[in-house]
Amino acid sequence: MKRLMIVFLMLLLLLTGCAKLDINVGIKEDHTAFLNYYVELDTTSMSEVEQKQLPTVLNKLIIAYEKYGFKSQADFTGDIYKFSLKNEKKFNNYKDAYRHLKDMLINADFTFLTEVDMDSYVTDYEQGFSLKVKTDFAKIFQTSSLVEMPKYLSKRIYEGYEQSQVNFIFELPKSETVEHSENIEVVQNKTTTVYTGNVSLEQETEFLVVARMGVANGKVSAKSIDERIVSFDKNQLIYLGGAVVSLVACILFLVFWLKKRNNEKVSNV
């Protein structure tokens, strides 16, 4: 039964024909880890009977995801059916958020990934994150219990390969990209960095992202990492310089006081 939910979701996309699925995963600045699905189904190529039956099937799928903590929104009006499945959880720190994100990505009950290699680290100046994932929908179908199906359904599925689109969207708080695979497009926004890649429905797809972000007191810094380090070093120098000046002033005052005291002794003699 593992991966059966994602199999049903993909079958709906492919059988509908012209469909779009955005798989949105990542970490928010407030330490929220999320795995969200956004689905659009163009029903114009479906028969009238299929159009009437589709909402019932979709609602059953949505209920199945809700049992795993997903929250849903749906709009089954007009020719374009839209619905979303969101699993988001907020933590007190990035370390726990990273751990929970990995747990979701490797959960075989609803994950779309076949391999996940994820790591993160935290220092005084920065946080680093690396994610290497693979997905293979053809392999998922082959290993599911739905391989044997009528020929007319198989034909519609293969037609759906050409008309459907699946995007993998990985989002982090504003980060500096160290490395990414060639099939990833990087967009740097004001507060986020978004990595987007197209998922093949016919063969294995691999994505790689390595990023780092400047931090201050456990929060993402608006400054770059190098600026944070320079700022830290400047503050240390300013502090050290102030301490040295204060020490010199104390020494000069002490010398002046001793000299004055000696002069007073000499005048009294």
Participant: Val194: which other cluster members, linking ILVMFWY side chains closer than 4.5 Å, directly or transitively?
Facilitator: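 Its cluster mates, by chain and number, are Ile169.
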Participant: How would you list, by chain and number, every residue that makes a side-chain contact (heavy atoms from CB on, under 4.5 Å) with Thr193, sequence neighbours excluded?
Facilitator: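 Lys174, Ser175, Thr177, Val186, Gln188, Tyr195.
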Participant: Looking at residues at least two apart in the chain, or sitting in another chain, which of them share a side-chain contact (heavy atoms from CB on, under 4.5 Å) with Asp119?
Facilitator: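 side-chain contact (heavy atoms from CB on, under 4.5 Å) check on Asp119 returns Ser130.
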Participant: Can you tell if the side chain of Glu171 reaches within under 4.5 Å of the side chain of Asn24, non-hydrogen atoms only?
Facilitator: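 They are in side-chain contact.
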Participant: Return the orientation label for the Tyr65 and Phe110 ring planes: parallel under 30°, perpendicular over 60°, tilted otherwise.
Facilitator: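 Ring orientation, 0 to 90° scale: tilted.
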Participant: Ring pair (Phe, Tyr, Trp, His ring centres under 6.0 Å) with Tyr38: which residues, sequence neighbours excluded?
Facilitator: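 Applying ring pair (Phe, Tyr, Trp, His ring centres under 6.0 Å) to Tyr38 gives none.
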Participant: Between Asp42 and Thr44 (side chain of the first, backbone of the second, donor and acceptor by atom type, cut-off under 3.5 Å), is there such a pair?
Facilitator: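 Yes: the side chain of Asp42 pairs with the backbone of Thr44.
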Participant: Between Val25 and Phe70, is there a shared hydrophobic cluster once you connect ILVMFWY residues whose side-chain heavy atoms come closer than 4.5 Å?
Facilitator: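 Yes; tracing contacts between hydrophobic side chains, which count when under 4.5 Å, links both residues.
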Participant: May I have the list of side-chain donor-acceptor pairs in residues 74-82 shorter than 3.5 Å, sequence neighbours left out?
Facilitator:
from  : atom 1 : to    : atom 2 : distance (Å)
Asp75 : OD1    : Thr77 : N      : 3.2
Asp75 : OD1    : Thr77 : OG1    : 2.6
Tyr81 : OH     : Gln51 : O      : 3.3

Participant: Name all residues meeting the ring pair (Phe, Tyr, Trp, His ring centres under 6.0 Å) criterion together with Tyr121; count only those two or more places apart in sequence or in a different chain, and write none if there are none.
Facilitator: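 Residues passing ring pair (Phe, Tyr, Trp, His ring centres under 6.0 Å) with Tyr121: none at all.
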Participant: So which of Asp136, Leu35, Val133 actually passes side chain to side chain contact (heavy atoms under 4.5 Å, CB included) with Phe112?
Facilitator: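 Only one option passes, and that is Leu35.
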Participant: For the residue pair Leu113 and Ile106, establish whether any side-chain heavy-atom pair is separated by less than 4.5 Å.
Facilitator: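 No. Closest side-chain heavy atoms not under 4.5 Å.
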Participant: Check salt bridge (Lys or Arg N to Asp or Glu O under 4.0 Å) between Glu48 and all other residues, then give those that pass, not counting sequence neighbours.
Facilitator: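 So Glu48 forms a salt bridge (Lys or Arg N to Asp or Glu O under 4.0 Å) with Lys52.
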Participant: Between the side chains of Thr56 and Asn59, does any donor sit under 3.5 Å from an acceptor?
Facilitator: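 No, because no side-chain N or O of Thr56 sits under 3.5 Å from a partner of the opposite role on Asn59.
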Participant: Look at the rings of Phe129 and Phe170 and say which category their plane angle falls in: under 30° parallel, 30 to 60° tilted, over 60° perpendicular.
Facilitator: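 Rings of Phe129 and Phe170: parallel, under 30°.
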Participant: Does the side chain of Val199 come within less than 4.5 Å of Phe207's, by heavy atoms?
Facilitator: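 Sidechains of Val199 and Phe207: in contact.
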Participant: Would you say Tyr94's side chain and Glu29's backbone share a donor-acceptor pair under 3.5 angstrom?
Facilitator: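 Confirmed, Tyr94 side chain pairs with Glu29 backbone.
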Participant: Would you say the side chain of Tyr37 lies within less than 4.5 Å of the side chain of Lys86, judging by non-hydrogen atoms?
Facilitator: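 Sidechains of Tyr37 and Lys86: no contact.
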Participant: Within the 4.5 Å heavy-atom criterion, are Glu185 and Val187 side-chain neighbours or not?
Facilitator: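 Yes, side chains in contact.
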Participant: Looking at Ser72 and Leu85, would you say the former's side chain and the latter's main chain have a donor-acceptor pair under 3.5 Å?
Facilitator: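 Here the side-chain-to-backbone pair does not exist.
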Participant: To the nearest 0.5 Å, tell me how far Asn92 CG sits from Asp30 CG.
Facilitator: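 The CG atom of Asp30 is 11.0 Å from CG of Asn92, to the nearest 0.5 Å.
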Participant: In Å, rounded to the nearest 0.5 Å, how long is the span from CG of Leu101 to CG of Leu131?
Facilitator: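 With rounding to 0.5 Å, CG (Leu101) is 7.5 Å from CG (Leu131).
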Participant: So, do Asn198 and Asn167 sit near enough that their side-chain heavy atoms are less than 4.5 Å apart?
Facilitator: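 With C-beta onward as the side chain, the pair touches.
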Participant: Roughly how far, to the nearest 0.5 Å, is the NZ atom of Lys71 from the CD1 atom of Ile62?
Facilitator: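 Answer rounded to 0.5 Å: 15.0 Å.
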Participant: Can you list every salt bridge (charged side-chain N to carboxylate O under 4.0 Å, His left out) pair that touches residues 87-99, not counting sequence neighbours?
Facilitator: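 Passing the test, one end in residues 87-99: Lys28-Glu88, Asp96-Arg99.
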Participant: Please report the shortest heavy-atom distance between Ile27 and Ala97, naming the atom on each side.
Facilitator: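 Here Ile27 and Ala97 meet closest at CD1-O, 3.6 Å.
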Participant: Only counting residues at least two apart or in another chain, list the ones meeting side-chain contact (heavy atoms from CB on, under 4.5 Å) with Glu206.
Facilitator: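 Expected list: Lys132, Lys134.
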Participant: Distance check, rounded to the nearest 0.5 Å: Met118 atom CE versus Leu105 atom CG?
Facilitator: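 Rounded to the nearest 0.5 Å, the CE-CG separation comes out at 6.5 Å.
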Participant: What pairs with Ser47 under side-chain contact (heavy atoms from CB on, under 4.5 Å), at least two apart in sequence or on another chain?
Facilitator: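 So Ser47 forms a side-chain contact (heavy atoms from CB on, under 4.5 Å) with Val49, Glu50.
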Participant: Starting from Leu208 and following side-chain heavy-atom contacts under 4.5 Å between hydrophobic residues (I, L, V, M, F, W, Y), which residues can be reached?
Facilitator: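 Its cluster partners, ordered by chain and number, are Val178, Val210.
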Participant: Are Ile23 and Tyr68 connected in the hydrophobic side-chain network, where two residues link if heavy atoms are under 4.5 Å apart?
Facilitator: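 Shared cluster, yes.
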Participant: Take atom CG in Asn93; do more than 12 heavy atoms of anything else shown fall under 6.0 Å from it?
Facilitator: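 For Asn93, atom CG is crowded (more than 12 foreign heavy atoms under 6.0 Å).
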Participant: Under the ring pair (Phe, Tyr, Trp, His ring centres under 6.0 Å) rule, collect the residues that match up with Phe91, sequence neighbours excluded.
Facilitator: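 Partners of Phe91 under the ring pair (Phe, Tyr, Trp, His ring centres under 6.0 Å) test: His100.
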Participant: Please determine whether the number of non-hydrogen atoms from other residues, nucleotides or ligands lying under 6.0 Å from atom CD of Glu204 exceeds 12.
Facilitator: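 Yes, because the 6.0 Å sphere around CD of Glu204 holds more than 12 heavy atoms from other groups.
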